[in-house]
Student: 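One structure coming up, written as structure tokens, with questions to follow.
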Amino acid sequence: MGSAYVKNIVRTITRNFGRYMAIFAIIALGVGFFAGITQTKPAMIETADRYVKEYRLFDVRVLSTIGFTKEEAERAAELPGAAAAAGAVSRDFIFQDEQGNTGVLRAHSLAGGVNLPDLRAGRMPEASNEILLDARAFPESAIGTVIRVAEENDGETKAWFAHDAYVVTGLVRSAYYLNAERGTTTLGNGKLAGFAYLPEGGFVFDHYTELFVAMDHDHAIYSDEYNEAADAWRDEAKDFIGALVNGRYEREVAEARQRIDDARRELEEKMAEAEAELQDAKKKLDEALAELETGERQLAGAREQLAAKERELAETERALRLQLEQAAAAGDPSLAAPLQAFLAQVEAGKAELAAGRRELEARERQLADARREWADGMAEYEEGWRELEREREKAEAEIREAEDKLASFEPPEVYVLLRNTNTGYASFENDAGTVEGIGKVFPVFFFLIAALVCSTTMTRMVDDERTQIGTLRALGYGTAAIMGKYMIYSGSAAVLGCVAGYFVGIRLFPATIWQAYSILYGFADIAVVGNNVLLLLSLAVSLLCSVGTAWAACRHELGRMPAELIRPKAPPAGRRILLERAGFLWRRLKFLHKVSARNIFRFKKRLFMMILGIAGCTALVVTGFGLKDSITNIVDYQFDEIMHHDVSVTFAKPLAEEALDDLLADAEGVERRAVLLETSAEALRADGSGKNVYVIAVDDPGAFGAFVDLHRDGEAVPFPGPGEAAISEKLAEMIGAEIGGTVTFRYGDGKTATLKVSGIFENYVMHYAYMTADTFAQAFGEPYEPKTLYLMLEEGTDAYALASAIADRGDVAAVTIVEQFRRSVENTMERMNDVVLLVIASAGALAFIVLFNLTNINITERAREIATLKVLGFYRHETRSYVLRENLVLSLMGIAVGLPFGVLLHRFVMDQINIDIVSFEVTILPQSYLYSVLTVLAFTLAVNLLMDGRIERISMTESLKAME
């Protein structure tokens with residue numbers, strides 16, 4: 001019995017292999033789609049998890065207002081649970097390559113053990129003047145070239161770098177930058193061109209600006225376990241590293257206070273010593289003055305004595321000469337001789353007095369010199385006091401400054417940041433969950449249609465083998481054995497289809513979707529992630545759809561007596577259909593058309609199954625084509641309806657009128673131009689998180705309207721007025737902004753500006769905010785210094801030649817050709833087509849399976865009817881049309897039901913797709929409806945062609961077989 005039973009099951013499978021494969025295919029397709037879509041997010045998360053663990057993306061990032069020392073960076077590794085810790089510095093700078101192109105890079109120091117670079121080409125730096133560049137931003141040809149710290153950098157920025165130029169040794173990706181976003185900067189045009197890594201020796205710094213800690217754990221990223229552990233790490237890091245930093249602060253405060261006290265004590269000692277020296281000098285000066293005054297008094301006395309003697313000698317000389325004259329007059333020679341002797345003595349006295357006067361004059365000169373020396377000494381003494389006072393004041397000012405600086409040296413703030421503050425890491429979870437919306441609804445359709453197919457298949461199979469079931473019952477087989485045969489038939493097909501669909505789906509769907517996301521991520525090959533629970537769930541649903549329908553089909557029939565089962569089931573009673581009551585229409589139908597109409601509407605179960613199956617497939621196909629329209633057409637919307645300029649020029653410095661005139665004089669073919677300020681900022685959500693946005697400020701809004709068309713739903717959006725900003729639609733949705741509300745921008749070093757939202761406009765690529773020049777200057781607190789120029793070219797102008805000529809100018813930082821940017825976006829959107837085509841192909845395959853299975857069942861159950869038609873002399877095309885015409889009509893009815901449902905399904909799916917920097921227009925083009933109809937009809941015709949041979953192979957002798 002066992003062997004015969006097994007043979008019977010095998011024979012049933014081989015004789016009904018088409019139905020068997022239909023169940024296999026429909027289950028494989030449903031499970032493959034369900035498992036593939038469901039496992040896409042886990043696969044993406046697993047890929048990122050492996051990547052961040054391999055390259056040790058930080059778990060904890062610590063900042064402080066006083067930086068970190070090397071010792072503190074080493075001590076950070078002692079944090080409980082830390083696997084590695086490293087201090088790091090980073091600095092934004094304007095670079096210049098060998099071709100003269102400039103941009104802004106964020107240079108990071110290579111932190112040993114944390115945030116390891118993923119080397120994609122070249123080698124790691126070995127010298128302090130070597131550099132690694134962003135593999136996304138630079139081609140491999142950049143290896144070996146020189147990157148310079150441009151002259152446009154200010155002195156503070158240049159002081160951070162040990163060299164003026166660095167040799168590129170390799171290109172890297174980094175777990176610190178998981179996605180394509182590089183962030184904003186206060187330099188250049190406000191946008192980072194990429195990142196770079198330098199050895200620590202490539203920087204000049206006293207303290208690390210940040211600490212990175214990688215914890216020792218096995219938690220999966222984004223998991224509740226990881227988030228809970230991260231919260232604990234944050235608290236521990238704040239306490240541990242905060243203690244280190246506060247300890248240094250206290251030591252530095254104590255040392256500074258000691259230095260101030262030492263300086264004050266040293267000043268007091270120095271002042272006391274200087275005052276003592278000055279007092280000694282004053283004492284000596286006073287003694288010298290006393291001696292000088294004594295000498296001057298003595299000199300005055302000597303001068304008076306000398307003058308008296310001189311007067312006395314003069315009187316004596318006059319008297320003697322008078323006597324001598326009298327003696328000569330008297331003629332007495334004897335009197336003249338003594339008088340001559342006395343005169344000689346007088347002359348000798350005069351000579352002595354002259355010598356005394358000379359001696360006196362010499363003494364006067366000595367005293368005068370002494371007086372001058374004393375005066376100089378006195379002046380020097382007084383200057384010494386003044387200098388002492390100046391030194392005292394200077395020293396006291398320095399001490400007061402040091403005291404004020406110490407008083408303003410507040411206790412350090414320590415900020416502990418987790419991974420979720422990293423833009424790439426935070427965005428990845430959201431983007432990885434984008435496809436979950438598709439996974440919520442599409443598999444439901446597949447499984448419902450699978451249940452429909454299985455139910456139809458097994459119901460018809462049980463009906464076909466009704467006589468065999470009765471015979472088996474008569475032979476003594478139990479209900480369980482007979483029912484088991486059909487349950488094994490459908491269950492085995494379902495199990496094989498489930499296993500095949502599961503393993504193909506978890507590989508095919510994640511890989512295809514990951515390829516579409518490569519524009520944002522693509523940092524590693526997608527991981528294949530299995531899920532035993534998902535496999536068991538898929539198996540359970542598959543068995544429910546197959547075994548459950550087999551049980552339901554058998555249950556009713558097995559309740560009958562064997563004798564009743566052996567006899568053929570009586571055909572249903574004929575009834576008029578509704579169409580027959582419309583006599584004016586019914587009379588005009590051909591005979592075969594009337595037969596087809598009766599067959600369609602009399603068999604309600606087959607009618608509804610066919611319509612539901614085709615409607616579901618049509619809805620899926622419409623959704624697939626709608627996805628394609630919504631995704632790929634954003635390029636036309638963005639660059640044909642919104643942006644109208646052809647070339648964008650960014651200057652290294654604010655654009656002066658002379659430079660603009662000079663540029664336009666050399667640029668031929670320019671029709672219009674607009675000068676504007678373009679910078680990057682973050683638009684803040686209510687929770688404080690931000691989204692990168694390009695802020696555009698213009699001083700001539702009227703002229704700017706020719707370059708960017710602000711509109712929404714076909715209506716123009718007015719340019720914002722003073723204190724207002726207009727923002728793009730996707731940005732408004734993401735931050736929860738509304739017209740009349742406010743939007744807050746974060747820019748620079750954490751500064752914010754809040755403006756009123758005057759309008760929301762359509763925009764499909766990136767996020768933008770527009771405002772006037774005065775609004776920017778007032779709200780952002782920065783001068784309006786435009787560095788960007790938009791150009792609209794005349795018809796036939798070569799944009800590439802013009803851009804090449806402009807780029808050669810020394811004051812031009814970058815030139816962007818909009819057409820080139822457009823092609824880049826088109827290439828990105830075309831990658832999304834892989835996902836769309838996968839959906840369309842799956843829906844098409846589903847439609848084919850449904851049509852094939854239902855048509856196959858239809859032909860099988862009407863084999864005698866078809867054989868009878870052949871006996872009656874119907875031609876081949878008449879016989880074929882008799883059956884397949886019904887397929888076509890039912891397909892058209894299913895399509896009519898499926899089209900509006902597809903619109904609703906498309907809207908639901910689009911609501912689930914959320915890519916950060918892209919906004920999709922929820923639209924289905926008219927031709928897509930046509931393509932959807934033609935796709936389903938094409939599968940209908942394909943099935944009809946396949947079934948044509950099946951109809952031809954039906955033997956006419958079938959009609960002669962007795963029913964009993």
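Position 1 is the first residue of the sequence; numbering continues from there.
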Student: Do Glu46 side-chain atoms and Ala527 backbone N/O form a donor-acceptor pair below 3.5 Å?
Tutor: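 Checked: no pair found.
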Student: Using only atom types and a distance under 3.5 Å, with no angle test, would you say the side chain of Thr47 pairs donor to acceptor with the backbone of Ile526?
Tutor: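 Absent.
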Student: Just by distance, no angles: are the side chains of Glu729 and Asn763 close enough, under 3.5 Å, to form a donor-acceptor pair?
Tutor: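 Asn763 and Glu729 do not have a side-chain donor-acceptor pair below 3.5 Å.
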Student: Kindly state whether the ring of Tyr521 and the ring of Tyr51 have centres lying under 6.0 angstrom apart.
Tutor: no
Student: Just by distance, do the side chain of Asp49 and the backbone of Ala220 share a donor-acceptor pair under 3.5 Å?
Tutor: no
Student: Fit a plane to each ring of Tyr790 and His645, take the angle between them on a 0 to 90° scale, and name the class: parallel (under 30°), tilted (30 to 60°) or perpendicular (over 60°).
Tutor: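 Ring orientation, 0 to 90° scale: parallel.
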Student: Return yes if some donor-acceptor pair links the side-chain N/O of Thr923 with the main-chain N/O of Ser630 below 3.5 Å, else return no.
Tutor: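 Pair absent, no side-chain N/O of Thr923 close to backbone of Ser630.
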Student: May I ask you to check whether Tyr929 and Phe625 place their ring centers less than 6.0 Å from one another?
Tutor: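 They do not qualify: ring centres at least 6.0 Å apart.
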Student: Can you give me the closest heavy-atom contact between Leu731 and Ala683, atom names plus distance?
Tutor: CD1-CB, 3.9 Å
Student: With a sphere of 6.0 Å drawn around OH of Tyr425, does it hold more than 12 non-hydrogen atoms of other residues, nucleotides or ligands?
Tutor: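 Yes, because the 6.0 Å sphere around OH of Tyr425 holds more than 12 heavy atoms from other groups.
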Student: So which heavy atom on Met771 is nearest to which on Pro720, and how close?
Tutor: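 What the structure gives for the nearest pair is CA-CG, 3.9 Å.
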Student: Are Tyr764 and Val635 side-chain neighbours, meaning at least one heavy-atom pair lies under 4.5 Å?
Tutor: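 They are not in contact (no side-chain heavy atoms under 4.5 Å apart), so the answer is no.
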Student: Would you confirm whether Arg907, through its side chain, and Val903, through its main-chain N or O, come within 3.5 Å as a donor-acceptor pair?
Tutor: no
Student: With a 4.5 Å heavy-atom cut-off, do Val708 and Tyr768 have their side chains touching?
Tutor: no
